[in-house]
Amino acid sequence: MKNKYIFGGIIVAVFLTLMIYLFTQTNVQYESDFTKVMEKGRTVKATGSWVKEKNYEIDKVNKTFSFFMRDEKGNEMKVVCPGTIPNNFESATSVVVTGEYTNGYFAAKDILTKCPSKYESPNKSS
Amino acid sequence: MIGNLILSLALAFSIFSMIMYVFTFRGARNTLGIARLSYHAMTMLVITASVYLSFNIITHNYEFDYIYNYSNDQLSLGMLLSTFWAGQEGSFLLWVLFAALIGVFLQSYTSKREDLEPTVMFSYTAVVSFLLLMVSPLLKTPFAYLWANEIYIEAAKINQQFLSLSILQPFLMSDGQSGQFYVKVNKELYSLLAGQGIEFNTFIIQGKGLNPLLQNFWMQIHPPILFAGFALATVPYAFAISALMKNYYKDWVKQSFPWSLGAGGVLGLGIMLGGYWAYGVLGWGGYWAWDPVENSSLIPWIILVAVIHTMIVQRKEQKQGKEIGRFAKTNLILSITAFVLVIYSTFLTRSGILGDSSVHSFVDPGSLVYLFLVIFLLTFLIAGVGLVIYRWKNLSDEHNANENIWSRELSLFNAALILLASAIIVFFGTSAPIFGVTVEISFYDEMHIPLAIVMLILNALSLVLKWKETEGKEIFKGLRLSLVLTLVFAILFIFVAGVKDFMMILLGVSAAFAFFINVEICIKVVAKNFKKIGSYLSHIGIAIFVLGVIGSGAYSKHADVDLVKGEKQNVLVYDMVFTGYEPFENNTKYRFNVVVTDGSDKKVVSPVMYISDFNQSMMREPDIVEGFTNDIYISPVGYEDNEGSSSGQEIIKINPGEEKVAGEKIIVRYVDFIKPDMTVMAQGGDFEMGANVIVQYEDKIEEIRLVSRKSGEGLTNIPVEIKALGAVLTLNHIDPMTKAAEIIFQKQAEQPQGQNVKKEVLSIQASIKPFVSLVWIGVFFTVLGFIIAMIKRSKEE
């Protein structure tokens, strides 16, 4: 009887250790301050908005596209993403890119665009 | 008004029914009939509310905020009906509808079984009441009026004949940045309009429309099935609470069992239909992305599957004469957990807490809804767990503890344990964003590969195990044939298919092992008793599914290529030629045809690109050639002809007296506004308004009239062609107040002339996904197995 619990306990412990270990290996933190994104040199999820005035560029040779992102404090950085501009990119209110800051730009592996809330009213002047 | 009244009444009846069921449980004699009547009244009201919402959607009654936000006049009937569940409010109502309807069957089922009804229906109506509270006027009713809160609506969505009304003028605004015109809609405007005898739904004549990503067949089928699954998951919870309330555990397992199977089957189907949608239409590139929305409905499903396994043991022991049987606590806790996790899933996806971490965009519903969802979650969690703790000591027989490792009981328990581990992993990863971190997809993949291997081997072995204990010799005898077949498979898998990754070999071989042994035993068992086929089918399905996941997940090949029109190019292993594009759906969308040649076999793949009016974005839809061994998946990236990126269409915003340049050298001058005949307009007659425009190109000058013509119900913009320029001008919108106009300038496509042939280039992402077909076949068998087992078990007792 006692053995059963010890055996079961060991399995649970191994499972949890493995899970927590893998969790620490694969977890990615959100970062909305680009100065920290640039310092860290590790994979983060940078959140900010697309600088529309600077448009985006498509690099047909390397199959990437690049654009500028701005954080809440107004810091800007260049982001290079693989593949194609996602659906909804032009109308996105905020952008989340996952990747690492190297060689003067943010090399994104993944991009996520958030669309304007359905209930937001546009800022008006009459 | 009517809608909210119906829903409020339904809520009242639901709560009343719940109270009457409590009285009945407490021994009151004449309350059962009232409880039933109230329940059915509630159901009728919920049906009425749903019909009322659908009716308003079909008749385009945009005075409802919900209908304005999710539909418009252009949607087809099928799509229009599916806007019912396009937003939070409606999808909650859909959930309520399914819950109410399933409750009718549950009431009839429980009423035939001794004193089961009061307790089961009490907890069930408690859930329904909470759901109804969610769609009540206090929280997220789908019947809120558009004007109840102040919002800005594009002037184009307003009936143009009212734009010149004097009372409207203070409400007209223009956005400095975009030049768009808006109408401020609020209660004040509503009462002013009402004072003029103008009905609000004749004032607003167009809605925002449905997100183009949702405009397809899967939108019509995936959410209803998922919500039916959610509603069904309430039933095992209600049975568990009922057993705990009565402190009687003999019958609940067998009664709850078919319902748990039904919930598992329907929820599983709903989840995978979502996967197919993501794969085939949304262009995610795969069927599963470990996205929070997918994960959160997967977790309760895994728990339901786990409890199905341990219920079998308790049921078996009860059949052999035990009063309670083993795993009573496990079964109760898991049945409760499954439902609580459904609420948790709702909390994660509806409270706005996952804001940044999902491809699904969430509307932040406000702190009241957040709080409500927390209370909803805690109520049913505390009630369930509290009751289990309260009854803890009554929950086990004195049992003989001589367990054998080689027994079916233990392997069923282990199955539940592995599923539980999987649920914990997904739960952990999905909940991480609450604490500001997320996990990468590899977290889920790497944790699940070993779990899946153990799960498959265990499933295979458990089939040759007997209840209580099994002799080693017998185990080997039962396995002989399958072991030989698995060995053959392993050789083919490694040497012919060329799989080299060690974990993938283990996973593939254990899936094959589970497959062969399930088929073998299935044939033997089914020959004697066909009804038992259910569980074998499900396990065969899972084994096939895993093989499909290995092929499509680990061995997909991918290439980014530019295809020049008419030039053959070798991509991956196929020859591909881009043959040109064709417009469809009134020239709003474009199909880009690519001929894929595989040996002698030719197929046309047509991914789609278009600019959506809904969000002014480029939308891309992949196209797939589905085959048994391979799917060829082509998603469009972009299209260019070498004349530059201009699509030939331009929108010019211009004010009277202004001059703008269109195309390269064409000057458009807005001379004056063509005023509509106000008296005719006020009487609702036909009129024209627009702009006199001068178009100048080099030395050619032409004066044209661009007008919007109102005749009967509709407003049409008349295009004007200027042959000398090869261009068409159309008025897009004109504001009768400020006279500002939007003109669409369209250059007609030039025919390639002489040597100056256009070079058209289509960029695509192409991938080959081996054996995706097995994923769908596997899911089909699994779900079929659930349904057959459910039917068998419901007839059993």
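Quick note on labels: first sequence line is chain A, next is B, and so on, each numbered from 1. Computed from a prediction, not measured in an experiment: that's the story for all the values here.
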Student check: side-chain heavy atoms of B:M447 and A:F15 closer than 4.5 Å = yes
ask   = Any side-chain heavy atom of A:M19 within less than 4.5 Å of one from B:F443?
value = yes
For atom [atom1] of [X], is the number of surrounding heavy atoms from other residues, nucleotides or ligands below 6.0 Å larger than 12?
X: B:K589; atom1: NZ; value: yes
X: A:E76; atom1: CD; value: yes
X: B:K157; atom1: NZ; value: yes

remark   = Value for CD1 (B:I441) from CG (A:D110), rounded to nearest 0.5 Å, stands at 7.5 Å
CZ on B:F428 to CG on A:N27, rounded to 0.5 Å = 10.0 Å
Contacting region of B:V185 [heavy-atom separation from chain A under 4.5 Å] = neither
ask   = Run the side chain to side chain contact (heavy atoms under 4.5 Å, CB included) check on B:V437 and A:Y30 step by step: do they pass?
value = CA-CA 6 Å; B:V437 288; A:Y30 285 98; 5.9 Å; no
key: A:K45 and B:E440 ion-paired at < 4.0 Å   = no
remark   = Looking only at A:I11, A:L22, A:V12, most heavy-atom pairs under 4.5 Å shared with chain B are made by A:L22
